[in-house]
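Just below is one structure, and these are the notes that go with it.
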Amino acid sequence: MSWGTELWDQFDSLDKHTQWGIDFLERYAKFVKERIEIEQNYAKQLRNLVKKYCPKRSSKDEEPRFTSCIAFFNILNELNDYAGQREVVAEEMAHRVYGELMRYAHDLKTERKMHLQEGRKAQQYLDMCWKQMDNSKKKFERECREAEKAQQSYERLDNDTNATKADVEKAKQQLNLRTHMADENKNEYAAQLQNFNGEQHKHFYVVIPQIYKQLQEMDERRTIKLSECYRGFADSERKVIPIISKCLEGMILAAKSVDERRDSQMVVDSFKSGFEPPGDFPFEDYSQHIYRTVSDGTISASKQEGGKMDSKSTAGKAKGKLWLFGKKPKGPALEDFSHLPPEQRRKKLQQRIDELNRGLQKESDQKEALNKMKDVYEKNPQMGDPGSLQPKLAETMNNIDRLRMEIHKNEAWLSEVEGKTGVRGDRRHSSDINHLVTQGRESPEGSYTDDANQEVRGPPQQHGHHSEFDDEFEDDDPLPAIGHCKAIYPFDGHNEGTLAMKEGEVLYIIEEDKGDGWTRARRQNGEEGYVPTTYIDVTLEKNSKGRIPGRSSYLPGPSQHSSCSSPKPRP
């Protein structure tokens, strides 16, 4: 099947068809261009989406820890890689498909124009040959008519008896001339006709088939190029499918990595304070003055007055015992993390020790490298001066000593926290038993003391039920001072149940630290509350036992007992 033989007379149709082919090629190129823009915009929007939802971490504390968060951030990373693959698709289409199509369309236009010009030239040449042949034919026809007229004139004169011989001879010469010219035009016409027939045969069997063949080949190449571009369009997508599949598999693995149990444990590890739950509130008996006799006298009045005051302070204490469920203390962040609950303090100290150990290992490796370099310099002085390494070695040794001191200090704090945490459970158990027979004392986390020296002693018993109440409840009379302390740091005491203090202020100790990091103290004006143990320097009195009855035990003066006279902090 050839256009030259089948479509020898369809030059205009082929002209339109080849133009349509180029237009279709350019239309497809425009389609690819718009697809590239879609891919680029899609990738850009995906990257903006990932950037919008990626965490902006400024410190290690803000790094995601929960498996659900880590899985989501892994999905964002995979989505970012997926966006990159969409960009690869766009680049591949732009280079392999769109760019190739535009270059080929330009070449195709040039080639088509050349072939059509050749066809038009061949057609013009054939038209010129036909005109020459037609002109010679018309001239031959005209000369033949003139020769025929000359012959008729000659015959008429020759048959006319009245015609002179000269006229006849002249008519004969005219006939011979016209006949000769007709013969020449005949030969010319025959030559032109032969030439035209030859050119026409050449035109329709050689020139036009060749031109149409070239147009056919050009159109077939255009079709092949479209097929290749279609394949390249699909290959651009298919090449990234394995990587996209890995991205999707990564998202699935991230989804499978979510562990609800681990997240729950992280919540516990993050927020566990290490405190024991608050114990039961004791029954506060406000009817004791009803059973007291008039013979109590001044003591009863004093007790009644003290009871009124204690009832108010007890209410304040009861509120203070619930401070764990309120806001966290807003004290300054201390180096030993004593402002944190025990469990969080232990974690922070352990993290700092691990960081210090890593720094120590780094400094030790640097020291070893410097010593090796120094040995090399000593053996080969031309390589360097060993003395030049001495300042660096000294600095490294100082860093190592400093890090070791820091590690030792933090390990001591950690041992203190772990020691207190370890004995809290035993103390809780024993104090629950002692609460049945002795007066219960509460610290901020609700644990009870098992110290027999702190058992409250009441006034001489007048009635049996008085002794029962005095043994079970703590707020009838204030606690005695068992020592004194000096504030090393200032403490705001914003939370209920805590006591604010200034640096250097001297307070009375009325209850020791039970392992929770808090000590109960009292000012000379009778105000009580809990203060951080690490904020004070404590001095306990060995002979301070029991409760001293009366108002004097609540506000002891320097002249009343030795435990409160001129307290001096230990050096």
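The analysis underlying the following values was restricted to heavy atoms, covering all of them including side chains, and did not include hydrogens, waters or symmetry mates.
Residues W413 and R352 meet the side-chain proximity criterion, which asks for heavy atoms closer than 4.5 Å. A heavy-atom distance below 4.5 Å is not found between the side chains of T67 and S257. Annotation: side chain of K51 is not in contact with side chain of R47 (no heavy-atom distance under 4.5 Å). At a threshold of 4.5 Å between non-hydrogen side-chain atoms, the residues K392 and Q366 count as touching. Taking 4.5 Å as the limit, every side-chain heavy atom of N187 sits out of range of all side-chain heavy atoms of F140. Looking at heavy atoms from C-beta onward, K137 lies out of side-chain contact with Q192 at the 4.5 angstrom threshold. Considering only heavy atoms from C-beta on, K347 comes within 4.5 Å of D269 through its side chain. In this structure, the side chains of F66 and V267 come closer than 4.5 Å at one or more pairs of heavy atoms.
A cation-pi arrangement is found for K225 relative to Y104, the charged atom lying closer than 6.0 Å to the ring centre and inside a 45° cone about the ring normal.
Classification of D134 and K138 as a salt-bridged pair holds, one side-chain N sitting under 4.0 Å from a carboxylate O. In this structure, K409 pairs ionically with E406, as a charged nitrogen and a carboxylate oxygen lie closer than 4.0 Å. Electrostatic pairing of R96 and E91 does not count as a salt bridge here, judged by no charged N lying under 4.0 Å from a carboxylate O. Under the 4.0 Å criterion applied to side-chain N and carboxylate O atoms, R112 and D219 are not assigned as salt-bridge partners. Ion pair K239/E92 flagged as a salt bridge, since at least one NZ, NE, NH1 or NH2 atom sits closer than 4.0 Å to an Asp/Glu carboxylate oxygen. The existence of a salt bridge linking R35 and E39 is confirmed by a sub-4.0 Å separation between a basic side-chain nitrogen and an acidic carboxylate oxygen. We find that E368 and K372 are joined by a salt bridge, their nearest charged nitrogen and carboxylate oxygen being less than 4.0 Å apart. Salt bridge annotation for R178-E148: absent, with no cationic side-chain nitrogen under 4.0 angstrom from a carboxylate oxygen. The pair R86-E237 meets the salt-bridge criterion, with a side-chain N (NZ, NE, NH1 or NH2) lying under 4.0 Å from an Asp/Glu carboxylate O. A salt bridge links D15 with R120: at least one charged nitrogen is closer than 4.0 Å to a carboxylate oxygen. Checked for salt-bridge contact, K109 and E26 meet the test: a charged N lies under 4.0 Å from a carboxylate O.
The CE atom of M397 sits 13.5 Å away from the CZ atom of R402 when rounded to the nearest 0.5 Å. A distance of 8.0 Å separates CG of L215 from OH of Y212, quoted to the nearest 0.5 Å. Separation of atoms CE (M218) and CD (E111) is listed at 6.0 Å; rounding is to 0.5 Å. K30 contributes atom NZ, which lies 11.5 Å from atom CE of M102 (distance to the nearest 0.5 angstrom). Separation of atoms OG1 (T18) and CH2 (W3) is listed at 7.0 Å; rounding is to 0.5 Å.
In terms of modelled atom types and a separation under 3.5 Å, the side chain of S236 and the main chain of V89 share no donor-acceptor contact. For N77 (side chain) and F73 (main-chain N/O), a donor-acceptor pair under 3.5 Å exists by modelled atom type.
By the 6.0 Å contact criterion, CZ on R221 is enclosed, its count of non-hydrogen atoms from other residues, nucleotides or ligands being greater than 12.
Judged as a ring pair (Phe, Tyr, Trp, His ring centres under 6.0 Å), the pairs with a partner in residues 222-241 (not counting sequence neighbours) are, in order, Y28-Y230, F31-F233.
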Applying side chain to side chain contact (heavy atoms under 4.5 Å, CB included), run through Q265 and E260 and close with a yes or a no. CA-CA 9 Å; Q265 185 61 40; E260 68 279 4; over 6 Å; no
